[in-house]
Undergrad: 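Dumping the structure here so I can ask a few things about it.
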Amino acid sequence: MSIRNIALFIFAALMLTVCIAASGCGSGQEQPAEQVISWSSVPEEYWGMFSGGSFDEDDVWFTDDGQYADMLKELKAYCKENYPGTIVLATDERMLFAGGWNGQDTDGGTVDPFTVYEAGSYTKQITAAAVLQLVEQGRLSLDDTLDKFFPQCPNIADATVGNLMDMNAGIPEFLDTMKFFKGCSSETKEAFAGGTLPDEEVLAVLSKLHCNAPGLYYEYCNTNFWLLALVIEQVTGQPYDEYITAQILEPCGMENTSSCAQGDVTIVPYQEDAAFWKYCRNMRGAGDIHTTACDILRWDREFFSGSVLSPEMMTYVTDREGDYSCGWMKKNGGEVFTHSGVTDACSLQTTVYRLEGGNVYLIQLLTNPRKGPQLYEAKKIVEEFLQVEKWG
């Protein structure tokens, strides 16, 4: 071989090596492209939730699945002009849409799917799941009567744990402070509102009130789920917030969700007098959770995949008669599961559409709880596309 041919051979070999190293040329298979998160504010713990799409110039995530394109374009246009808060839309497999508009985060930017909101009554489905796990373990029964846990309250003795879960225990609403704390001192009322009133004092007030017979009718009542939090504490021997964190939040990967915490909410209230809740301890079990849209999605996916409860307990939640079950509102014969949460500073609604093609999850959070109509208009865009019967 001549020197010229040897030189050409060496040059070709070098070029082939460079080609293989740079782009996989000649490897027999396409090399996967490294996923790039274009939105610099996405926390690392959420990177795995974003694939099969991209962020646009307004930092709104769009799936690359073309069947959703027109609907998502319409949804973004509506939100950009009207919606103060965060929306996440997803299936079990992929994130379809995620963004935030017209509200401020404490870092000075616009709210997004990682902003921490007060979750209000969304808390109840977390509490209910913890109760059902204890039932699975044989440590608690839905038929246990409340005299077992609250002997100081004979007026609720015949109600059961199951009555509390179904909102038909006949117990008064303690957020109706004018009635519940009627005759109590202003100091007692202020302590309750500030989250410092001892449980024993709340129970002492409850013990003197008229209660209806359990099981007669449904009546939404936060007191029920506060009592369930106390039941959890008695059964487990742990503070409610510690137990919920260890048994629900951490296993579901809800890394930016807290129970009974103060100071971790990252939205800026829409007006100065829209104060954050101060009474998380007195609302534990009923309204103490702070969370993000992405963490709610993680919870919804884990719950409806069967990872949280046994098949038997999931059937108990989803297949019974009635419109309320264990922290969820059931609509359209069980096609839709939903729950909302409202505080003075913010509100949310999580909706799960159990469709033939798989679950679709819509998580909506508002920085202004007075903007409920905007929440429903945004939801309407999604439901018209999904061809879900209007339910409210």
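Values below: all heavy atoms of this structure, side chains included; hydrogens, waters and symmetry mates excluded.
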Undergrad: Does the side chain of D300 come under 3.5 Å of the side chain of T350 through a donor N or O and an acceptor N or O?
TA: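 The answer is yes; a qualifying pair exists.
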
Undergrad: When you measure from the side chain of T236 to the backbone of I232, do you find a donor-acceptor pair of N or O atoms at a distance under 3.5 Å?
TA: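 It does hold such a pair.
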
Undergrad: Does anything in residues 199-227 pair up under salt bridge (charged side-chain N to carboxylate O under 4.0 Å, His left out), and if so which pairs, sequence neighbours excluded?
TA: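 Every pair satisfying salt bridge (charged side-chain N to carboxylate O under 4.0 Å, His left out) with a residue in residues 199-227: D199-R284.
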
Undergrad: So, Y361 versus W299, ring centres under 6.0 angstrom or not?
TA: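 No, ring centres 6.0 Å or more apart.
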
Undergrad: Closer than 3.5 angstrom, by distance alone: can the side chain of W61 be matched with the main-chain N or O of G99 as a donor-acceptor pair?
TA: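 No, the answer is negative, given that no donor and acceptor are paired below the 3.5 Å cut-off.
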
Undergrad: Return each pair, listed once, that meets salt bridge (charged side-chain N to carboxylate O under 4.0 Å, His left out) where at least one residue sits in residues 73-82; pairs must be two or more places apart or across chains.
TA: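 Those involving residues 73-82 are D56-K76, E57-K76, D58-K76, D58-K80.
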
Undergrad: Can you name the closest pair of heavy atoms from L365 and A293 and give their distance?
TA: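 Residues L365 and A293, closest heavy atoms: CD1-CB, 3.4 Å.
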
Undergrad: Can you confirm whether or not the ring centre of F97 sits under 6.0 Å from the ring centre of F62?
TA: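 Yes - the distance between ring centres of F97 and F62 falls below the 6.0 Å cut-off.
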
Undergrad: Do you know which two heavy atoms are closest between S121 and H339, and how far apart they sit?
TA: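 Closest approach of S121 to H339: O-CE1, 3.5 Å.
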
Undergrad: Step through it carefully: locate the ring centre of F174, locate the ring centre of F192, and say whether they are under 6.0 Å apart.
TA: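 Yes, they do, as the ring centres are separated by less than 6.0 Å.
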
Undergrad: Identify the two heavy atoms, one from S259 and one from Y240, that lie closest to each other, and give their separation to 0.1 Å.
TA: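 Shortest heavy-atom separation between S259 and Y240 comes out as OG-CE2, 3.4 Å.
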
Undergrad: Which salt bridge (charged side-chain N to carboxylate O under 4.0 Å, His left out) pairs, counting each pair once, include a residue from residues 119-147, with sequence neighbours left out?
TA: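 Matches after skipping sequence neighbours: D144-K148.
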
Undergrad: Return each pair, listed once, that meets salt bridge (charged side-chain N to carboxylate O under 4.0 Å, His left out) where at least one residue sits in residues 156-184; pairs must be two or more places apart or across chains.
TA: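 Matches after skipping sequence neighbours: D166-R320.
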
Undergrad: Using 30° and 60° as the class limits, which term best fits the ring planes of F55 and F50: parallel, tilted or perpendicular?
TA: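 Ring orientation, 0 to 90° scale: tilted.
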
Undergrad: Could you tell me which residues satisfy side-chain hydrogen bond (donor to acceptor under 3.5 Å, both in side chains) with T223, sequence neighbours excluded, listed by chain and number?
TA: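 Testing T223 for side-chain hydrogen bond (donor to acceptor under 3.5 Å, both in side chains), a comparison that skips the adjacent residues, returns none.
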
Undergrad: Should the pair Y83 and W101 be assigned to parallel (<30°), tilted (30 to 60°) or perpendicular (>60°) ring geometry?
TA: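 Answer is perpendicular, since the angle exceeds 60°.
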
Undergrad: If you measure only the distance, is there a donor-acceptor pair under 3.5 Å linking the side chains of S340 and Q349?
TA: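 Note: S340 and Q349 side chains miss the donor-acceptor criterion.
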
Undergrad: Nearest 0.5 Å please: distance from the CG atom of L89 over to the CZ atom of F385.
TA: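 If I round to the nearest 0.5 Å, the distance is 9.0 Å.
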
Undergrad: With sequence neighbours excluded, what pairs up with Y46 under the side-chain hydrogen bond (donor to acceptor under 3.5 Å, both in side chains) test?
TA: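 Only N256, T292, D295 meet the side-chain hydrogen bond (donor to acceptor under 3.5 Å, both in side chains) criterion with Y46.
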
Undergrad: Decide yes or no on side-chain contact (heavy atoms from CB on, under 4.5 Å) for I87 and C79, but give the supporting numbers first.
TA: CA-CA 9 Å; I87 288 182; C79 291; 3.5 Å; yes

Undergrad: Counting distance only, does the side-chain N/O of D112 pair as donor-acceptor with the main-chain N or O of F114 below 3.5 Å?
TA: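 Yes; at least one donor-acceptor contact below 3.5 Å.
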
Undergrad: Looking at every non-hydrogen atom in both residues, tell me the closest pair between L206 and N155 and how far apart they are.
TA: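 Looking at all heavy atoms of both residues, the closest pair is O-ND2, 2.8 Å.
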
Undergrad: Would you please indicate yes or no on a ring centroid separation below 6.0 angstrom for F304 and W328?
TA: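 Yes.
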
Undergrad: More than 12 foreign heavy atoms under 6.0 Å from NZ of K330: is that the case here?
TA: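 More than 12 within 6.0 Å, yes.
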
